[in-house]
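Take a look at the structure below.
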Amino acid sequence: IPDESSDRHNMTNAKLANADRLLVFLYYFQVLVAYIFDDIELAIKMVEKCIEMDERISFFKRGSIQGFVLDSEITFLYGLTSLVQARKTKEDIWKTRGHESMKKVKKLAKDYPSSYQHKLLLLEAESAFNAGNKRKASEKYELAVTLSRNNEFIQDQALSCELAGKFYAKQRNEYKASHYYGKAHELYLEWGAKGKADHLRENYPY
């Protein structure tokens, strides 16, 4: 005879598990939107909420392709947001967090190169930008653009072009900044992110 109280308990746990999973997805999309619209403080706040939930969602990540991909994407975004914050604040803690994320993405790039090598290159480009290594940064941005295109990750190609544009604008290389911003705008439109394309055109008028 089924234990009704036990069934109710199991159903409650299942509902809570699904709620946690949906909440993590929500946080992830908030991180993504905040980052691409340049709200770095909000992106950091949201990604740290994901990390706080790490133990609660461990059941979801284990043996789950969705969970693995989500966790990897959060790591990548945390690396990007940390490196931008390091450039902005000059605080070592953000540099450290950015490099910790890079280590994790480096392992992913070794195991799954077609999905993560271009992401690693982009993190390395941002790190070189922060360090003032212009030549290395330039090489890494351009490799990230090429590899994300070759691997057909249009959203990452768009992001790589945008970040390359920001780098070249900082170097006062208007020709390359204009080229990469223009390419990023085209790719965001192709990806279907018209709002982001409009934001790019309005805020970076090259």
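All residue numbers in this chain count up from 1 along the given sequence.
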What pairs meet the salt bridge (charged side-chain N to carboxylate O under 4.0 Å, His left out) rule with one or both residues in residues 76-88, with sequence neighbours excluded? Glu41-Lys88, Arg87-Glu126

In Å and rounded to the nearest 0.5 Å, what is the CD1 to CG distance from Ile44 to Asp39? 10.0 Å

To the nearest 0.5 Å, what is the distance between OH (Tyr116) and CZ (Phe153)? 7.5 Å

Straight-line distance of Lys49 NZ to Ile74 CD1, nearest 0.5 Å: 13.5 Å

Would you please name every residue forming a side-chain contact (heavy atoms from CB on, under 4.5 Å) with Asn133, sequence neighbours left out? Ala128, Arg135, Lys136

If you take all heavy atoms of Leu123 and Gly79, which pair is closest and at what distance? CD2-C, 3.6 Å

What's the shortest heavy-atom distance between Ala86 and Lys95, and which atoms? CB-N, 3.7 Å

Hey, does Arg97 have a side-chain heavy atom less than 4.5 Å from the side chain of Glu48? yes

Under the ring pair (Phe, Tyr, Trp, His ring centres under 6.0 Å) rule, collect the residues that match up with Tyr188, sequence neighbours excluded. none

What do the steps show when you test Tyr168 against Ser138 for side chain to side chain donor-acceptor pair (under 3.5 Å), and what is the final call? CA-CA 8 Å; Tyr168 285 117; Ser138 178; 2.5 Å; yes

Set of side-chain contact (heavy atoms from CB on, under 4.5 Å) partners for Thr89, sequence neighbours left out: Gln85, Glu91, Trp94

Is it true that Asp38 and Tyr204 share a donor-acceptor pair across their side chains at a distance under 3.5 Å? yes

Applying salt bridge (Lys or Arg N to Asp or Glu O under 4.0 Å) to Lys194 and not counting sequence neighbours gives Asp198

Does the side chain of Leu122 reach to within under 4.5 Å of the side chain of Phe76, using non-hydrogen atoms? yes

Please test Glu139 against Lys134 for salt bridge (charged side-chain N to carboxylate O under 4.0 Å, His left out), starting from the C-alpha separation and ending with a verdict. CA-CA 9 Å; Glu139 290 173 353; Lys134 299 175 185 178; over 6 Å; no

If two hydrophobic side chains count as joined below 4.5 Å and joins carry through other members, does Leu200 share a cluster with Tyr35? yes

Listed by chain and number, what are the side-chain contact (heavy atoms from CB on, under 4.5 Å) partners of Leu143, not counting sequence neighbours? Leu121

The reported gap from CD in Gln157 to OG in Ser148 (rounded to nearest 0.5 angstrom) is 5.0 Å

With a 4.5 Å cut-off on side-chain heavy atoms, are Ser160 and His118 touching? no

Ser114 meets the side-chain contact (heavy atoms from CB on, under 4.5 Å) criterion, sequence neighbours left out, with Asn151

His199: which residues meet the ring pair (Phe, Tyr, Trp, His ring centres under 6.0 Å) condition with it, sequence neighbours left out? Phe37

Side chain to side chain, Tyr180 and Val145, heavy atoms closer than 4.5 Å: yes

If hydrophobic clusters are built by linking Ile, Leu, Val, Met, Phe, Trp and Tyr wherever their side-chain heavy atoms come under 4.5 Å apart, do Leu147 and Leu187 end up in the same one? no

Backbone N/O of Glu174 and side chain of Ser178: donor-acceptor pair under 3.5 Å: no

If you group Ile, Leu, Val, Met, Phe, Trp and Tyr by side-chain heavy-atom gaps below 4.5 Å, do Leu189 and Leu159 land in one group? no

For Phe167, enumerate each residue passing the ring pair (Phe, Tyr, Trp, His ring centres under 6.0 Å) test, keeping only those at least two apart in sequence or located in another chain. Phe129, Tyr141

Salt bridge (Lys or Arg N to Asp or Glu O under 4.0 Å) partners for Lys107, two or more places apart: Asp111

If I compare all heavy atoms of Ala184 with all of Ala158, which pair ends up nearest, and what's the gap? CB-O, 3.6 Å

Consider only side-chain heavy atoms of I, L, V, M, F, W and Y, link residues closer than 4.5 Å, and tell whether Leu77 and Met102 are in one cluster. yes

With sequence neighbours excluded, what pairs up with Phe29 under the ring pair (Phe, Tyr, Trp, His ring centres under 6.0 Å) test? none

To the nearest 0.5 Å, what is the distance between OG (Ser82) and CG (Asn130)? 10.5 Å

Please tell me if the side chains of Tyr78 and Glu100 come closer than 4.5 Å, counting only heavy atoms from C-beta onward. no

Is the shortest side-chain heavy-atom distance between Glu190 and Ile154 below 4.5 Å? yes

CG-CE distance between Leu32 and Met46, expressed to the nearest 0.5 angstrom: 13.5 Å

Quick test of your reading: applying salt bridge (charged side-chain N to carboxylate O under 4.0 Å, His left out), list the pairs with at least one residue in residues 154-164, sequence neighbours left out, ordered by first then second residue. Lys119-Asp156, Glu162-Lys166, Glu162-Lys196

